[in-house]
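Okay, structure first, notes after.
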Amino acid sequence: MPRLGLGVWRAKDGQETESAVLAALKSGYRSIDTASMYENEQGVGRAIRASGLPREQIFVTTKVWNAEQGYDTTLKAFRSSLERLDTDYADLYLIHWPVAGKYKETYRALEELYDQGLVRAIGVSNFHIHHLDDLMGSCRIKPMVNQVEMHPLLTQKKLFAFCRKEGIQLESWRPLMQGRLELPLIDELATKYGKTPAQIVLRWHLQLGVVTIPKSVRESRIVENSQLYDFALEPEDMVRIDALNENHRFGADPDHFNF
């Protein structure tokens with residue numbers, strides 16, 4: 001699984017999504033993260049085909065939405081996603097949110113898809129430790145990925161440690177805090193390393209060992225977000241960024257969502 005990918009949440013299906021994905025693939029990205037709820041899987045699929053890259057070189061993630069959860073409905077939803085993506089398989093399929101009373105049956109469907117070879121990896125999104133504990137009490141295949149909101153203001157240290165102990169890869173959505181990067185320390189480090197604030201934050205994720213999927217539809221920003229491999233943050237600066245944590249969420253709390 002590539003450590004850096006392009007997220008396409010809120011990218012409009014059609015030209016906007018296609019242009020963003022093509023720009024990312026041209027810039028060296030090899031991971032694209034979408035979801036049925038984003039309603040842009042078709043645009044992702046068209047861009048992948050238009051790129052000319054072999055399908056096996058691109059890591060495609062999609063997710064089952066809350067209203068689609070349940071065993072039979074998840075199997076149906078997955079096949080619809082494959083049709084929209086126009087691909088024979090997905091590289092990673094995730095449960096989008098832990099819908100109470102449904103996520104265990106939903107995950108059983110993911111296990112079936114994995115057994116059939118239709119998905120190369122399965123996992124969850126927005127699961128707290130107690131959700132993971134509950135799921136792992138009955139599942140056959142441990143979740144391989146947990147995609148959650150994570151950034152300098154929400155460092156998720158307990159969840160991160162739990163996932164590392166259990167061999168679950170943590171993946172960060174909204175890593176750039178919706179562009180709210182006006183933090184004095186981040187500005188200071190951007191000057192120190194000759195990088196942008198976004199590059200500092202994304203590099204922090206990578207050095208932690210967290211997969212990250214910054215979203216953008218602007219080619220210049222997509223390229224900028226990929227230029228992370230010619231510098232490294234010093235250990236003391238990693239610690240300083242960790243200390244910014246405020247347990248602040250820009251998105252919903254997985255224990256309190258109503259969608």
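- We find the CG-OH distance between Leu94 and Tyr107 to be 9.5 Å, quoted to the nearest 0.5 Å.
- Just one residue in the list Ile95, Thr106, Val145 forms a side chain to side chain contact (heavy atoms under 4.5 Å, CB included) with Val124, and that residue is Ile95.
- His205 and His151 make their closest contact through NE2-CA, 3.9 Å (heavy atoms, listed as atom of the first residue, atom of the second, distance).
- In terms of modelled atom types and a separation under 3.5 Å, the side chain of Thr17 and the main chain of Val44 share no donor-acceptor contact.
- Ring geometry for Phe231 versus Tyr193: interplanar angle of 30 to 60°, hence tilted.
- The CG atom of Asp253 sits 9.5 Å away from the CD atom of Glu149 when rounded to the nearest 0.5 Å.
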Exercise for review: Please assess Phe59 against Leu92 for the test side chain to side chain contact (heavy atoms under 4.5 Å, CB included), listing each intermediate value before the final yes or no.
Suggested key: CA-CA 8 Å; Phe59 192 97; Leu92 176 62; 3.7 Å; yes

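- Leu22 is not connected to Leu6 by any chain of hydrophobic side-chain contacts under 4.5 Å among Ile, Leu, Val, Met, Phe, Trp and Tyr, and they are in different clusters.
- Judged by distance alone, with hydrogens and angles left aside, the side-chain atoms of Glu68 form a donor-acceptor pair with the main-chain N or O of Trp65 at under 3.5 Å.
- Shortest non-hydrogen contact noted between Leu244 and Leu153 is O-CD2, 3.5 Å.
- Contact annotation: the side chain of Lys76 never approaches that of Thr73 to less than 4.5 Å [non-hydrogen atoms, C-beta and beyond].
- Cluster membership for Val239 and Phe160, using ILVMFWY side-chain heavy atoms within less than 4.5 angstrom, is not shared.
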Check your understanding: Do Thr74 and Glu112 pass the side chain to side chain contact (heavy atoms under 4.5 Å, CB included) test, and can you show the C-alpha distance, the side-chain angles, and the key distance before you say yes or no?
Key -> CA-CA 10 Å; Thr74 293; Glu112 175 65 22; over 6 Å; no

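- Contact between Ile58 and Ser51 at its shortest, heavy atoms only, is CD1-OG, 4.2 Å.
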Exercise for review: Evaluate the side chain to side chain contact (heavy atoms under 4.5 Å, CB included) criterion for residues Met150 and Leu159: first the C-alpha distance (whole Å), next the side-chain angles of each, then the deciding distance (0.1 Å), finally the verdict.
Suggested key: CA-CA 10 Å; Met150 180 184 176; Leu159 178 62; over 6 Å; no

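- Across all their heavy atoms, Arg249 and Pro254 have their closest contact at NH1-CD, 3.7 Å.
- The OG atom of Ser27 lies 8.5 Å from the CD atom of Gln227; values are rounded to the nearest 0.5 Å.
- Counting heavy atoms from C-beta on, the side chains of Ile168 and Met136 come closer than 4.5 Å.
- One finds no salt bridge joining Arg108 and Glu111 here, because no Lys/Arg side-chain nitrogen approaches an Asp/Glu carboxylate oxygen to under 4.0 Å.
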Practice item. Applying salt bridge (Lys or Arg N to Asp or Glu O under 4.0 Å), run through Arg55 and Asp86 and close with a yes or a no. Key: CA-CA 11 Å; Arg55 170 65 183 86; Asp86 194 16; over 6 Å; no

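- For the salt bridge (charged side-chain N to carboxylate O under 4.0 Å, His left out) with Lys195, the lone residue among Asp187, Asp237, Asp230 that qualifies is Asp230.
- Rounding to the nearest 0.5 Å gives a distance of 7.5 Å between CD of Glu188 and NZ of Lys192.
- Remark: side-chain polar atoms of Asn146 are not paired, donor with acceptor, to backbone N or O of Cys163 under 3.5 angstrom.
- Within the 4.5 Å cutoff, the side chain of Arg174 has no heavy atoms near those of the Leu154 side chain.
- Using bins of under 30°, 30° to 60° and over 60° for the plane-to-plane angle, the ring pair Trp97/Phe257 lands in the tilted bin.
- For the pair Tyr89/Glu56, a side-chain contact is recorded, criterion being any heavy-atom separation below 4.5 Å from C-beta on.
- With hydrogens and angles disregarded, a donor-acceptor distance shorter than 3.5 Å links the side chain of Lys142 to the backbone of Glu166.
- Side-chain contact between Asp133 and Phe162: present, with at least one pair of heavy atoms (C-beta onward) separated by less than 4.5 Å.
- Shortest non-hydrogen contact noted between Ala47 and Leu25 is O-CD1, 4.4 Å.
- Considering only heavy atoms from C-beta on, Tyr29 comes within 4.5 Å of Leu4 through its side chain.
- Summarising the geometry, atom CG belonging to Leu110 is positioned 9.0 Å from atom CD1 belonging to Ile141; distances are rounded to the nearest 0.5 Å.
- At distances below 3.5 Å, at least one donor-acceptor pair connects side-chain atoms of Glu16 with backbone N or O atoms of Lys12.
- Summarising the geometry of Arg203 relative to Tyr229, their closest heavy-atom pair is NH1-CA, 4.0 Å, with the distance given to 0.1 Å.
- A donor-acceptor pair under 3.5 Å links the side-chain atoms of Asp91 to the main chain of Val60, judged by distance alone.
- Note: Arg164 CZ to Leu170 CG = 10.0 Å, rounded to the nearest 0.5 Å.
- Shown are Arg46, Lys63, Arg84; of these, the salt bridge (charged side-chain N to carboxylate O under 4.0 Å, His left out) with Glu41 is made only by Arg84.
- A 4.5 Å side-chain heavy-atom check between Leu189 and Trp204 finds every atom pair outside the cut-off.
- Judged purely by atom type and a 3.5 angstrom limit, Gln207 has no side-chain atom pairing as donor or acceptor with the backbone of Ala232.
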Review point. Does the pair Asn126 and Trp173 meet the rule for a side chain to side chain contact (heavy atoms under 4.5 Å, CB included), with working shown?
Key: CA-CA 10 Å; Asn126 301 302; Trp173 60 261; 2.8 Å; yes

Check your understanding: Can Trp9 and Asp33 be said to form a side-chain hydrogen bond (donor to acceptor under 3.5 Å, both in side chains), step by step?
Key -> CA-CA 8 Å; Trp9 179 61; Asp33 180 275; over 6 Å; no

Donor-acceptor contacts, no H, no angles, side chain residues 208-225, under 3.5 Å, sequence neighbours left out:
unit_1, atom_1, unit_2, atom_2, d
Ser216, OG, Arg218, N, 3.2
Glu224, OE2, Thr196, OG1, 3.1
Asn225, ND2, Arg221, O, 3.4

